[in-house]
Participant: 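Here you go, one structure.
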Protein chains: 2
Amino acid sequence: MTRRPDTLHAQDGGAPGRRLSAAKREAIVRGARTVFGREGFPRAGIDAIAVEAGVSTRTIYNHFRDKEQLFATVIEESSAHVGDALTALIDRHLEEVPASGLESALIALGHDWVAVMTECAEHFALVRQITAEAAHLPAALIDLWQESGPRPARAALVHRFRLLAAAGALDAPDPARAATHFHLLAFAEITDRTRLGATPLPPAEISAIITAGVHTFLHGHAPTPTRPPVLGTTR
Amino acid sequence: MTRRPDTLHAQDGGAPGRRLSAAKREAIVRGARTVFGREGFPRAGIDAIAVEAGVSTRTIYNHFRDKEQLFATVIEESSAHVGDALTALIDRHLEEVPASGLESALIALGHDWVAVMTECAEHFALVRQITAEAAHLPAALIDLWQESGPRPARAALVHRFRLLAAAGALDAPDPARAATHFHLLAFAEITDRTRLGATPLPPAEISAIITAGVHTFLHGHAPTPTRPPVLGTTR
DNA sequence: GGTAAAGTACAACGTGCATGGCAACTATAA
DNA sequence: TTATAGTTGCCATGCACGTTGTACTTTACC
């Protein structure tokens, strides 16, 4: 079973038993992500993807069964990557809560989160298209996306908030709800107004939104008045 | 220039100088709203709209220049109607703040708001499609929608919050931001999870979201006199 | 009832686009 | 170098759909 160094993978949906080039496959997926992000799923033409990838349309059909399977592959590979980045971000900022202030930690997390959104603009353009088409996309595809990206990130946030509540730094009997409130106040307005990064927002405005959001969040979930907050290790 | 009682309106884009039936036009717009809401803009076929409206496709083209103009008409007429309903709701619930509690007023507003969303499910299905396709729709269309629906409603909310802040019932130096925070906390999660009403959410869950959201909001924007607990110097 | 305009049925036209077939080209492994 | 198989360009096919033309039917007012 000798294989070329470049053709070690199993194909995703082409004719069975063929050995296709991994490099071509990667080029296709990357090009497809760009075009799908720009134009959306049913709208992006195979030809445009082929051009973007520097590949013939015929080759695309050698690697993938059809356009939909290509789309699924793009979603899975892209969102797993960005999901990891966000999860790492959350853990990094909330691993140890500085006694100096939970507020500054949350604000810093907010800014870094937005930074990821601009760095991975192409991915979030794709996400925008997914949510846009959600109702017309197979449910399995939506699940695939949720599971590989948003869900783990959210779980990490809930986990950290649970620890913060246990440490008395937060009044969050329901950490999941607190996570939702934090996310809404700190990010939802930004994702909304930038359309997930599509339209720019002045940095000062972003900063104001995050600061105000974190402020409202912390006041809304402040530890019970009688008990001064215990800021210590949250682990 | 005798006109039939049924044909008094000016046409939107058909051949100039013809007198078209208002009843047919209404049927077309209503059917188009249903189908556009269900399938989205470019996706909905003229044939499907014609069937839904009980009209021939040719008649549609006698009343409207093309599919896009029909879509614009649907958006304008539908969102103006729902926008008025929401504005009325806001004014009704926040016109006089019961000393008994701003909290209950906001919660009641929240419930009525959600009720409007379910009553006008067809409209919000349309809104879902608009936001989904926003990037590929002419900007003028998006503006048309924003101006006729969401903007007036939001303005009403900001106005009420400004009065509440002036009356000392709320700590909202920036009423616009407070309105955003209230909207996010009380509604955004619901619109998110129900996909603007597309997928159902148990009433108990809705109630919990609104209650928790209003709670967080009020604690975050509580009037200063009693100085709510603050973590460190949150300013 | 007559008449003119609106509405309808039907079909044609053009287009865009996802696929599939095929033969020629090319790069790699032996 | 040679055989093997991925890659490519190009064309064909089929389909979906917006839009229009046209001839016939219905409707509303005189």
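Only this structure's heavy atoms are used, side chains among them; waters, hydrogens and symmetry mates stay out. Numbered from 1 within each chain, the chains take letters A, B, ... in sequence-line order. Keep in mind it's a predicted model, so treat the numbers as computed, not measured.
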Participant: Side-chain N or O of B:Lys24 versus OP1/OP2 of D:dT27: is the shortest distance under 4.0 Å?
Facilitator: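 For D:dT27, neither OP1 nor OP2 has a side-chain N or O of B:Lys24 closer than 4.0 Å.
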Participant: For A:Glu26, does the CD atom sit with more than 12 other heavy atoms under 6.0 Å from it, leaving out its own atoms?
Facilitator: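 For A:Glu26, atom CD is not crowded (no more than 12 foreign heavy atoms under 6.0 Å).
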Participant: Scan residues 124-148 of chain B for pairs that pass ring-ring contact (aromatic ring centres under 6.0 Å, His included), counting only residues two or more places apart or in two chains.
Facilitator: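 Pairs touching residues 124-148 of chain B that pass the test: none.
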Participant: Assess the residue pair A:Val127 and A:Ile75 against the criterion (side-chain contact (heavy atoms from CB on, under 4.5 Å)); give the C-alpha distance rounded to whole Å, side-chain angles, the decisive distance to 0.1 Å, and a yes or no.
Facilitator: CA-CA 8 Å; A:Val127 169; A:Ile75 289 175; over 6 Å; no
Participant: What N/O pairs connect the protein and nucleotides 21-24 of chain C at under 3.5 Å? Give each pair on its own line.
Facilitator:
{"residue": "C:dG21", "atom": "N7", "partner": "A:Arg58", "partner atom": "NE", "Å": "3.1"}
{"residue": "C:dG21", "atom": "N7", "partner": "A:Arg58", "partner atom": "NH2", "Å": "3.4"}
{"residue": "C:dG21", "atom": "O6", "partner": "A:Arg58", "partner atom": "NE", "Å": "3.1"}

Participant: Excluding sequence neighbours, so at least two apart, what forms ring pair (Phe, Tyr, Trp, His ring centres under 6.0 Å) with A:His181?
Facilitator: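 Scan of A:His181 (ring pair (Phe, Tyr, Trp, His ring centres under 6.0 Å), adjacent residues dropped) gives A:His221.
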Participant: Using heavy atoms and a sub-4.0 Å distance, could you list which residues of residues 38-47 of chain A are near DNA chain D? By number, please.
Facilitator: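 None, since no heavy atom is under 4.0 Å.
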Participant: Please step through side-chain contact (heavy atoms from CB on, under 4.5 Å) for the pair A:Arg160 and A:His93, ending with a clear verdict.
Facilitator: CA-CA 10 Å; A:Arg160 289 300 164 190; A:His93 281 282; over 6 Å; no
Participant: In whole angstrom, what separates B:Phe64's CZ from D:dG18's P?
Facilitator: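 It works out to 16 Å between those atoms.
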Participant: Give the nucleotide from the list D:dT8, D:dG18, C:dT19 with an atom nearest to the side chain of A:Ser56.
Facilitator: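 Shortest atom-to-atom distance from the side chain points to D:dT8.
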Participant: Please collect all ring-ring contact (aromatic ring centres under 6.0 Å, His included) contacts where either partner lies in residues 182-207 of chain B, sequence neighbours excluded, each pair once.
Facilitator: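 Sorted pair list: B:Trp113-B:His183, B:Trp113-B:Phe187, B:Phe161-B:Phe182, B:Phe182-B:Phe187, B:Phe182-B:Phe217, B:His183-B:Phe187.
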Participant: Between C1' on C:dT19 and CG on A:Leu70, what's the gap in Å once rounded to a whole number?
Facilitator: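 Between C1' of C:dT19 and CG of A:Leu70: 14 Å.
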Participant: Does any pair with a residue in residues 125-148 of chain B pass salt bridge (charged side-chain N to carboxylate O under 4.0 Å, His left out), and if so which ones, sequence neighbours excluded?
Facilitator: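 Applying salt bridge (charged side-chain N to carboxylate O under 4.0 Å, His left out) to every pair that reaches into residues 125-148 of chain B, excluding sequence neighbours, yields A:Arg43-B:Glu133, B:Glu147-B:Arg151.
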Participant: Measuring to OP1 and OP2 of D:dT7, would you say a side-chain N or O of A:Thr59 lies under 4.0 angstrom away?
Facilitator: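 So the side chain of A:Thr59 is outside the cut-off, no N or O lying under 4.0 Å from OP1 or OP2 of D:dT7.
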Participant: Output the rounded distance in Å from CD (B:Gln69) to P (D:dG18).
Facilitator: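 For the pair B:Gln69 CD and D:dG18 P, the rounded distance is 16 Å.
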Participant: If you measure from the Lys or Arg side-chain nitrogens to the Asp or Glu carboxylate oxygens, is any gap between B:Glu77 and B:Arg33 under 4.0 Å?
Facilitator: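 Here B:Glu77 does not pair with B:Arg33 in a salt bridge, since their nearest N and O are not under 4.0 Å apart.
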Participant: Would you say D:dG9 has OP1 or OP2 under 4.0 Å from some side-chain N or O of A:Thr57?
Facilitator: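 No, A:Thr57 has no side-chain N/O under 4.0 Å of OP1/OP2 on D:dG9.
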Participant: Take the protein atom CG of B:Asn62 and the nucleotide atom P of D:dT22, then report the distance between them rounded to whole Å.
Facilitator: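 Distance check: B:Asn62 CG to D:dT22 P gives 14 Å.
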Participant: Output the distance between atom CG (A:Asn62) and atom NZ (A:Lys24), rounded to the nearest 0.5 Å.
Facilitator: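 Going from the CG atom of A:Asn62 to the NZ atom of A:Lys24 covers 11.5 Å.
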Participant: In whole angstrom, give the distance that lies between atom CD of B:Glu68 and atom C1' of D:dC17.
Facilitator: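 Between C1' of D:dC17 and CD of B:Glu68: 16 Å.
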Participant: Using atom CD1 of A:Ile28 as one end and atom C1' of D:dG6 as the other, report the distance to the nearest whole Å.
Facilitator: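 After rounding, the reported distance stands at 11 Å.
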Participant: So, is A:His63 near the phosphate of D:dG6, with a side-chain N or O under 4.0 Å from OP1 or OP2?
Facilitator: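 For D:dG6, OP1/OP2 do not have a side-chain N/O of A:His63 under 4.0 Å.
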Participant: Using whole Å, report how far CZ of A:Arg65 lies from C1' of C:dA18.
Facilitator: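 A:Arg65 atom CZ is separated from C:dA18 atom C1' by 14 Å.
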Participant: In whole angstrom, give the distance that lies between atom OH of B:Tyr61 and atom P of D:dT22.
Facilitator: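 Result: 18 Å.
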